[in-house]
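To find a chain, count down the sequence lines: A is the first, B the second, and so on, and within it residues start at 1.
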Amino acid sequence: MSLYNHKEIEKKWQKYWAENKTFKVEENREKPKFYVLDMFPYPSGSGLHVGHPLGYIASDVFARYKNLNGYNVLHPMGYDSFGLPAEQYAIQTGQHPATTTTTNIEGGVDKEGNKISGYRKQLDKIGFSFDWDREIRTSSPDYYKWTQWIFKEIYNAWYNKKTDKAEPIKNLINVFEKEGNINVSAATEYEEVFSSNQWKEWSEKQQNKVLMNYRLTYLSDTWVNWCPELGTVLANDEIKDGVSERGGYPVEQKKMRQWSMRITAYADRLLRGLEELDWSDSIKDIQKNWIGKSKGASISFSIAGFSEKIEVFPTRPDTIFGVSFMVLAPEHPLVDKITTKSQKHKVEEYQLKALTKSERDRLSDVKTISGEFTGAYAIHPFSGKKIQIWIGDYVLASYGTGAVMAVPCGDQRDWDFAKHFQIEIKNIFKEINISESAYIDKDATIVNSDFLDGLSVKKAIKLSISELQNKGIGKGKTQYKLRDAVFSRQRYWGEPFPVYYKDDIPYVFEENKVVELPEINKYLPTEKGDPPLARAEKEKWNISIFGDRMEYNTMPGWAGSSWYFIRYVDPKNSEDFASSEKIDYWQNVDLYIGGAEHATGHLLYSRFWSKILFDLGHIPFQEPFQKLINQGMIQGNSALVYRDKNTGRFISKGKKEKYQVVSFHVDINFLNGDILDIEKFKKWRKEYNNAEFVFEDSGEYICGREIDKMSKSKYNVQTPDDLVEKYGADTLRCYEMFLGPLEQHKPWDVQGITGVQGFLKKLWKLFHKEEVFMTSNENPTKEELKTLHKTIKKIKEDIERYSFNTPVSAFMICVNELTAMKCNKSKILKELLIILSPYAPHICEELWEKLGNTKSITTATFPEFNPEYLIENNYKYPVSFNGKMRFTVELPINLNKEEIEKEIFKNEKTKAYLKGVEPKRVIVVPKKIVNIVY
RNA sequence: GCCCGAGUGGUGGAAUUGGUAGACACGCAAGACUUAAAAUCUUGUGACCAUCUGGUCGUGCGGGUUCAAGUCCCGCCUCGGGUACCA
C-alpha cells in the first residue's frame, strides 16, 4: 500500500480500537479527570445526517486532545430512546416501539422493508473515541429503574425554606407529629395551619392529601396544555406559537389530574446558579427570562361593601398614590360577585367575548383597548378614596394575582386604558410631562404622594413596603414567571411511574424494583379516554400491585435525560443509580456540547434534578454542566427545478425569467455542482420519464439553490455515510470543523471538501517518496522546527478556546510549509501526527505505526511548545503614511524606537513618500508598526 | 415592542488584547503532464483605474474617538434566536 487509501486505513483502525478497547476508561486517581459529553440523540428512523456529528466531532477532538495532555477522559455516548416518533410508528404499524428503537440503533429493516443502517454503525464509521462499554438507553429497564428511583426520591422530599434545600418527607412527618405545621416554612401553596393532634387524628387519606402539598412531585388538578390531536399534555416549552412543537397541532386548556414537579421551589437557586456557569450569555438570558424573577409588593385592596379583598402585585409599590383605578382579568373569581346589577349585562358580555379570544388573538390585538366597569369600588389603602374597579383583557388571570392596581402615569398600558375610558390620570412624578405617554423610567422624584413626597423611586419603594407592612395590608414579595412542570404524559412509550392507587390514594412502591412497561394490545387511549397503559391488565405488570390500579400515565421525555450524565459514570450498577465513589471521581460534566433548542427544557430540568439530588446527599455537585457550547445548525442546501406552468417543460435557472414557472425541490444527489444529471432526474419518478427541458446556452440544466432546514421532505439530506465512503472519516471530521465556528449556523456545502482531502493526501506524501514509505532520522533544521512549534502553539491555543475551525487551516499551513521544505524528518513528522490525531485519528495512527511505534497514538503525549524556535532576528515593519500601509522594511528585532525611526527615515521609499514634507508626527511601536503623519 | 447574537471577496471563512484586512480552503482563469479525461503540480485571483512601478476605493449604512478602527463609542438598516399585554 502506498497511496493514501482511506477505506483500508479507517477500517483497520476502527477494528483495532474496538478490539483493544482503546477508549475504555476507568477511574484513575493518578490522573486528573475530564468529562466531555454530547447531548445524546433520539434514535430516529431516518438516521444521522451531516448536522448531527458536528458537535460529536468537536467534542471528540477535545476529548482526544485532553487525553494527549494527560487527562483521564470520560467520553460516553448513548440514546434518549423514549419518544413520540416510535410510538406514532407503533400506532400506524402495530410494531412495538422497543423493536423500532432497537432497529434504529443497531440497524436492520423496518416494517416497510426500508434498510436502516443504524445509529451505532453510522457513528462507528466516523471514528469517535466513545467508551461504548458505557452506552445507555433511557428506554432500557436497567436504566429507567433508576429514573423511577429518582422520582420516588423526589416524591419523598419536601422543600424546607429555612434550610433552603430539599429534605426527606420523613423529617416533615416527624415535625407534624410533634407540633403540626405551625413552624414549618415550606415551598407550598398550602396555607392552613394544623396542630399535632389534628394531624394524628386524620385518616391516612387525609394525611396523604395534606402531604401532597409539600412533596416535590405531587398530584394536583391543574390547567394543562392539552393537545387533542396528540392525545397528551404538553409542557410550556413543548408549545410554540400556541401549537404543539411536534406536529403543529392546536393546544387547548384543560383541567386534569397530573403529576407536577415543584421546580418553582428552586427558582431562585436556578437563577443564582447561572452566574458560576461557563455558558453563553444568550442561553443564560433565555433561562433568566424563563424563570422571570420580579421583585415588588403584594398589596390587598378592600372592596367597598364586600369582605373580600383584591390582591395585587405591583413591582412599583412607590406609585401607590398614582393609582386611579383597578383592573381585574375578565376571568377573575371576584368579578361575578362584585359587579353591580346595572353593569352585569355589559360585564358578562365582555367576559364571553374575552373567553372566545384565543391567546393569539389577544396578542395580535395590541391596539384595541377594551374593558368594562364593574360598578364596584375599591378603597385606596392610604388615602381611603374610592376607586373604580374595571375588568380588561390586558390583565391575564394566569399571571400573578390576575389583578392590577392601575397607575396610568407610570405604566403605558394603564395610561392607554385611562385615556380610552377617560379616567383621571394623576401625576406623581416631579416635573415630568405625562400628557403624551406614561413615564416608565425609574429616575423621577415622587410627589403628590403623602409620606412618599420628595423621595427617589428606590427609597419610595422601600418606605411604601414598610408602611404597607405596618398597616398589615401588604408586604414585600418576589415573584417568578416559572411554573411547576407538569410531569405526566398520556403516552405509552415512556417510563411508567412506580405508583399504584388504593382507594384513589397514590402509593409509591417501597421495594427497589423496576416497574416495567407492560405489553398492551393497542397503543391508543382507551374508549373511556384513559391513557394506553390502562389497557394493560394487572397480571401484565411485572410487579404485584397491592392497590386497585397502576398509574396509567408515563413520564415525559425529559425524565430520562435529566440525569443520564450521572449514569454514565457507572452505567451497569444494579445496586445504585451510580456508586458514590465513581460520582466523586468524575463529578459533573466539564464540557457539554449540544443544540440551543434545549435551553428551557433539558438544560433547566437537568439543573433542577441535580439540585434535588445534591440536597438529598446523592451527588456532590449542584450544577451538571460546567461549560456549555451550543453548536449551530447545519442547514440543507436544497436544489430547485423550475417547471413551466403552460408547457410542463423544465426550465434551467438562467432562462426561467422568460417563463411562468413553479419551483420544485429535487434530490441533491442528482446534482453535480449546480448541474442537474438529466438521466437520474428522469428515472426519479414515472411522470418525469419523458420530461422535456429548456437548457442554458451551454447545454446544461442549472438548478436553483435555497437554504432550508435539512429534512427528508426537501430532498436535501446529506448523510455522513456517503461522504465517509467517498472521502473518508478523517476528511469528514476535518471538513466539518473547517466549515466555520462551531456555534454558528451554516449551510451545508460539500464543494470545499476536496480541499481538505487534498490536505490529508499532502500529509501522506510527506512520508512517502515515489509511493514508498520513506522518512529520515536527520536532525531538523531551524526552519522546520519553527514551522512545527508555531503549529503546536496555535493548535493548543485554539483548541483551548474552543476554536475548532482555525486549527485545520494551521495544519494546512504546516503541511504546505513542510512540503515546500521537502521535510520528511521523523522528528518533525512524529510530533505533527500527535497534534493532528484528534482531528484525523485514522491516518495519524497509520503513519504513527509506520514510523515504528507499536502503541496507539492515543498513548502519546501532546508535544511541549518551545518558544525558542520562534525567536526571530528580524521583524518586517509595515510602514504607514497617514495610516495607510505603503511598504515594509525588515529590521533587527532588538532595535529601540529611536533606532527604528532612524532606519526608516534612511530608506529611499520613505523619502519618496514624504516628497520633502516634514513629518508632523512619527509613531513607532516596536515589533508592530510604524506610522508617519505628515 | 423588549433582550441577545450576527453582517468581511463569486463562496465557506481568518484577523485572540485597536497596529500590514481577506490567512486557509473552495470556485474560477491560465499553464505543465496526458492520445484524452481524472488525479497531480505551477501561476494568478477584493473592486475600479493604470503600460509595469503604482494609485483610488473597500469589512451592512451614516457619524464620531484615535497617529491608526472589521475591532471602541453614538444613531440607523437587514438577518437569526429568545420573549411577549408579566402588572
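- Minimum atom distance to the side chain of A:L396 is reached by B:rA87, of the listed B:rU16, B:rC26, B:rA87.
- The interatomic distance linking A:W290 (CH2) with B:rA84 (P) rounds to 7 Å, in whole Å.
- Nucleotide B:rG80 forms a pair with B:rC4, judged by Watson-Crick or G-U wobble geometry with both contacts under 3.5 Å.
- Taking atom C1' on both nucleotides, B:rG46 is separated from B:rC28 by 14 Å, rounded to a whole Å.
- For A:K884, a side-chain nitrogen or oxygen approaches OP1 or OP2 of B:rC57 to under 4.0 Å.
- Nearest to the side chain of A:M885, among B:rA25, B:rA21, B:rA15, sits B:rA21.
- Considering only side-chain atoms of A:K762, the nucleotide from B:rA25, B:rA14, B:rG19 that sits closest is B:rA25.
- Base pairing analysis places B:rU20 opposite nothing; no Watson-Crick or G-U wobble pair with both distances below 3.5 Å involves it.
- Only the P atoms considered, B:rG22 is 16 Å distant from B:rG58, to the nearest whole Å.
- For the residue pair A:E872 and A:I893, the shortest heavy atom distance occurs at O-CG2, 3.5 Å.
- In this structure, A:R483 places its CZ atom 14 Å from P of B:rU83, rounding to the nearest Å.
- Checked against B:rG82, B:rG12, B:rU20, the side chain of A:I286 finds its nearest nucleotide in B:rG82.
- Using a 4.0 Å heavy-atom distance criterion, A:F738 is classed as a base contact.
- RNA chain B is contacted by both A:K761 and A:Y913; A:K761 maps to the nucleotide lying nearer its 5′ end (nearest heavy atom per residue).
- A:K765 comes within contact range of the sugar-phosphate backbone alone, with a heavy-atom separation under 4.0 Å but no base atom that close.
- To the nearest angstrom, P of B:rC85 lies 16 Å from CD1 of A:I369.
- For the pair A:N805 and B:rA14, the criterion of a side-chain N or O lying under 4.0 Å from OP1 or OP2 is met.
- The listed nucleotides are B:rG55, B:rU16, B:rA87; the one nearest the side chain of A:R886 is B:rG55.
- Base pairing of B:rG31 is made with B:rC41, judged by Watson-Crick or G-U wobble geometry with both donor-acceptor distances under 3.5 Å.
- A distance of about 33 Å separates the C1' atoms of B:rG12 and B:rG64, rounded to the whole Å.
- The CD atom of A:E311 lies 10.5 Å from the CD1 atom of A:I473; values are rounded to the nearest 0.5 Å.
- Rounded to whole Å, the C1' atom of B:rG18 lies 36 Å from the corresponding atom of B:rC52.
- When distances are taken from the side chain of A:K794 to each of B:rA87, B:rU16, B:rA68, the shortest belongs to B:rU16.
- Aromatic rings of A:W748 and A:Y735 (six-membered ring for Trp) have centroids within the 6.0 Å cut-off, being under it.
- For the OP1/OP2 pair of B:rC86 and a distance below 4.0 Å, the side-chain nitrogens and oxygens of A:R413 include at least one atom meeting the criterion.
- The aromatic rings of A:Y802 and A:F804 lie tilted to each other, with the angle between the two planes from 30° to 60°.
- The side chain of A:I923 sits closest to B:rC67 out of B:rA23, B:rC67, B:rA25.
- If you find the closest nucleotide of RNA chain B to A:K909 and to A:R801, the one lying nearer the 5' end belongs to A:R801.
- The shortest non-hydrogen separation linking A:C814 to A:L832 is SG-CD1, 3.9 Å.
- One can place CD1 of A:I900 at 13 Å from C1' of B:rG19, the figure rounded to the nearest angstrom.
- For A:K481, taking side-chain heavy atoms from C-beta onward, the closest of the listed nucleotides B:rU83, B:rA25, B:rC26 is B:rU83.
- Regarding the sugar-base torsion, B:rG75 falls in the anti class, its angle being beyond 90° of 0.
- A:Q287 contributes a side-chain N or O that, together with a main-chain N or O of A:A599, makes up a donor-acceptor pair within less than 3.5 Å.
- Here B:rG62 sits opposite B:rC74 as a Watson-Crick or G-U wobble pair (both hydrogen-bonding atom distances under 3.5 Å).
- B:rG46 and B:rC57 make up a base pair, with Watson-Crick or G-U wobble contacts both under 3.5 Å.
- Look at A:N931 and you won't find any side-chain N or O under 4.0 angstrom from OP1 or OP2 of B:rU66.
- Here the closest heavy-atom approach between residue A:I369 and residue A:H420 is recorded as O-CE1, 3.3 Å.
- Whole-Å rounding puts the A:E311 CD to B:rC86 P distance at 20 Å.
- B:rG9 makes up no base pair with any nucleotide shown, lacking Watson-Crick or G-U wobble contacts both under 3.5 Å.
- Rounded to an integer number of Å, the gap from NZ of A:K876 to P of B:rU20 is 14 Å.
- No contact: A:P747 has no heavy atom under 4.0 Å from any strand.
- Using a 4.0 Å heavy-atom distance criterion, A:Q744 is classed as a sugar-phosphate-only contact.
- Spacing between atom CG of A:L739 and atom C1' of B:rG13 amounts to 9 Å, rounded to whole angstrom units.
- For the C1' atom pair drawn from B:rU45 and B:rC24, the interatomic distance equals 15 Å after rounding to whole Å.
- Ring centroids of A:F417 and A:F325 are separated by less than 6.0 Å, placing the two rings close together.
- Between B:rG70 and B:rA15, the distance separating the two C1' atoms is 9 Å to the nearest Å.
- Taking atom P in both B:rU17 and B:rG10, one finds a spacing of 28 Å when rounded to whole Å.
- At the heavy-atom level, A:D798 lies under 4.0 Å from base atoms of the strands shown.
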Worksheet item: Which is it for A:E800 and A:K796 under the salt bridge (charged side-chain N to carboxylate O under 4.0 Å, His left out) test, yes or no, and what are the steps along the way?
Response: CA-CA 6 Å; A:E800 281 176 7; A:K796 188 173 150 69; 3.8 Å; yes
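- Checked by distance alone, A:D285 brings no side-chain donor or acceptor within 3.5 Å of a matching partner on the base of B:rC4.
- A:Y735 comes within contact range of no nucleotide atom at all, as no heavy-atom separation falls under 4.0 Å.
- Of the nucleotides present, none pairs with B:rU51 by Watson-Crick or G-U wobble criteria with both distances under 3.5 Å.
- Distance A:K920 NZ to B:rA68 P: 11 Å, rounded to the nearest Å.
- Nucleotides B:rA14 and B:rA6 have their P atoms positioned 12 Å apart, rounded to a whole Å.
- Figure legend. B:rC86 is base-paired to no nucleotide; pairs are counted as Watson-Crick or G-U wobble with both atom distances under 3.5 Å.
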